[in-house]
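Each chain gets a letter, A, B and so on, in the order its sequence line appears, and its residues count up from 1. None of these values were measured; they are calculated from a predicted model.
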There are 2 protein chains.
Amino acid sequence: MNALPTLEPSTEEACCTPAGQPALGADEAKQKSLVFKALADPNRLRLLSMVKAESSGESCVCDLTASLDLGQPTVSHHLKILVDSGLLHREKRGTWAYYSLVPGALDDVAGLLTTL
Amino acid sequence: MNALPTLEPSTEEACCTPAGQPALGADEAKQKSLVFKALADPNRLRLLSMVKAESSGESCVCDLTASLDLGQPTVSHHLKILVDSGLLHREKRGTWAYYSLVPGALDDVAGLLTTL
DNA sequence: CCCATACATTGATGCTGGTCAATATTCAGG
DNA sequence: CCTGAATATTGACCAGCATCAATGTATGGG
């Protein structure tokens with residue numbers, strides 16, 4: 001939750017053209033890279049796609065595990081990463097856990113790209 | 001370059017609600033994850049940001065290396081990954097190599113997210 | 001209570017990826 | 001040509017991550 005600017009001093013004399021623009025600070029870049037790390041795995045992309053494709057808007061782990069030739073612990077692990085990155089929402093009802101897309105989360109990531 | 005659908009058989013009897021949607025195939029997901037892998041590193045995000053912030057639209061390696069307390073080989077490595085993923089363009093003029101954003105590339109990635 | 005089911009957690013393992021030192025390549029100048 | 005500067009490539013090292021087996025934790029049914 002640290003949004004410090006951390007502007008680089010830009011202490012170069014000459015070469016091409018001096019880059020006076022602030023660009024991204026080190027901590028800011030590290031923060032933004034977390035979401036892309038979450039998206040950088042094929043199985044997690046498939047999980048997101050499956051949850052999104054579900055007509056009810058939510059999926060349980062048993063359903064997702066069946067479609068992803070992966071072990072159940074591995075699927076739970078991926079789902080946790082997606083929840084921690086703010087992309088998925090988890091709701092437990094009875095013995096089952098239902099995962100759903102956080103509204104607008106994917107659009108927010110798309111916005112991150114255009115405001116690099 | 002393989003765009004086979006690879007639909008999963010969806011052989012589950014019942015649980016919550018059956019996911020009849022195609023969603024993402026394994027190879028399709030692997031393909032799309034490559035761009036996000038390229039974006040999943042803080043230093044590469046900073047490189048993209050620096051190139052974008054440059055008023056001339058392009059930056060040379062010497063300039064980028066000076067701002068990123070990283071070794072020159074490491075910066076070249078990251079730039080190669082960004083070029084291979086289709087985000088940056090490389091043009092060599094004389095001894096210098098100038099990198100620029102591929103027009104529309106970031107918007108295409110944003111589009112990938114909404115069409116998951 | 002006891003057991004089965006659905007899911008999460010832990011620990012271990014193998015592989016991918018980021019980084020650097022050293023070297024190679026390419027180009028401009030003298 | 002020869003030298004120096006800018007960049008790319010190679011090889012090696014270490015951290016991080018994806019995966020699985022085993023176990024733990026609820027929850028519901030009998």
Report task. Name the nucleic acid region contacted by B/H78, choosing base, sugar-phosphate or nothing; use a 4.0 angstrom heavy-atom cut-off, strictly under. Result -> sugar-phosphate
Report task. Indicate, with a heavy-atom threshold strictly under 4.0 Å, whether B/R93 touches base, sugar-phosphate, or nothing. Result ->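 It contacts nothing in the nucleic acid.
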To the nearest Å, give me how far apart [atom1] ([X]) and [atom2] ([N]) are.
X     : N      : atom1 : atom2 : result
A/R44 : D/dC17 : CZ    : P     : 9 Å
A/R90 : C/dA6  : CZ    : P     : 15 Å
A/E91 : C/dC7  : CD    : P     : 13 Å
A/R46 : D/dT19 : CZ    : P     : 11 Å
B/L70 : C/dA21 : CG    : P     : 12 Å
A/H77 : D/dG16 : NE2   : P     : 14 Å
A/Y99 : C/dA8  : OH    : C1'   : 8 Å
B/K80 : D/dT10 : NZ    : P     : 9 Å

Query raised in the report: What is the distance from atom CD of B/Q31 to atom CG of B/L112, rounded to the nearest 0.5 Å?
Result: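 The CG atom of B/L112 is 9.5 Å from CD of B/Q31, to the nearest 0.5 Å.
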Requested in this report: Mark yes or no for a side-chain to base donor-acceptor pair under 3.5 Å between B/Q72 and D/dA8, with no hydrogen or angle criteria applied.
Outcome: yes
Which nucleotide, [options], lies nearest any side-chain atom of [X]?
X     : options               : answer
B/T95 : D/dT7, D/dA6, C/dC7   : D/dA6
B/A97 : C/dC7, D/dT7, C/dT9   : D/dT7
B/S76 : D/dC17, D/dT7, C/dG18 : D/dT7
A/P73 : C/dG18, D/dA8, C/dT9  : C/dT9

Query raised in the report: For A/Q72, does its backbone N or O pair with a side-chain atom of A/T65 as donor and acceptor, under 3.5 Å?
Result: no
Requested in this report: Check whether any side-chain N or O of B/S85 sits under 3.5 Å from a backbone N or O of B/I81 as a donor-acceptor pair, and report yes or no.
Outcome: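 It does hold such a pair.
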Query raised in the report: Taking only N and O in the side chain of B/T74, is any of them less than 4.0 Å away from OP1 or OP2 of C/dC20?
Result: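 Checking B/T74 against C/dC20: at least one side-chain N or O falls below 4.0 Å of OP1 or OP2.
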Query raised in the report: Between A/Y98 and A/C60, is a side-chain contact (heavy atoms from CB on, under 4.5 Å) present by the stated rule, with each step listed?
Result: CA-CA 5 Å; A/Y98 293 89; A/C60 63; 4.3 Å; yes
**Report entry** First encountered from the 5' end of DNA chain D, between B/K92 and A/D41
**Finding:** B/K92
**Report entry** Ion pair check, B/E58 and B/R93, cut-off under 4.0 Å
**Finding:**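 Salt bridge between B/E58 and B/R93, a charged N being under 4.0 Å from a carboxylate O: yes.
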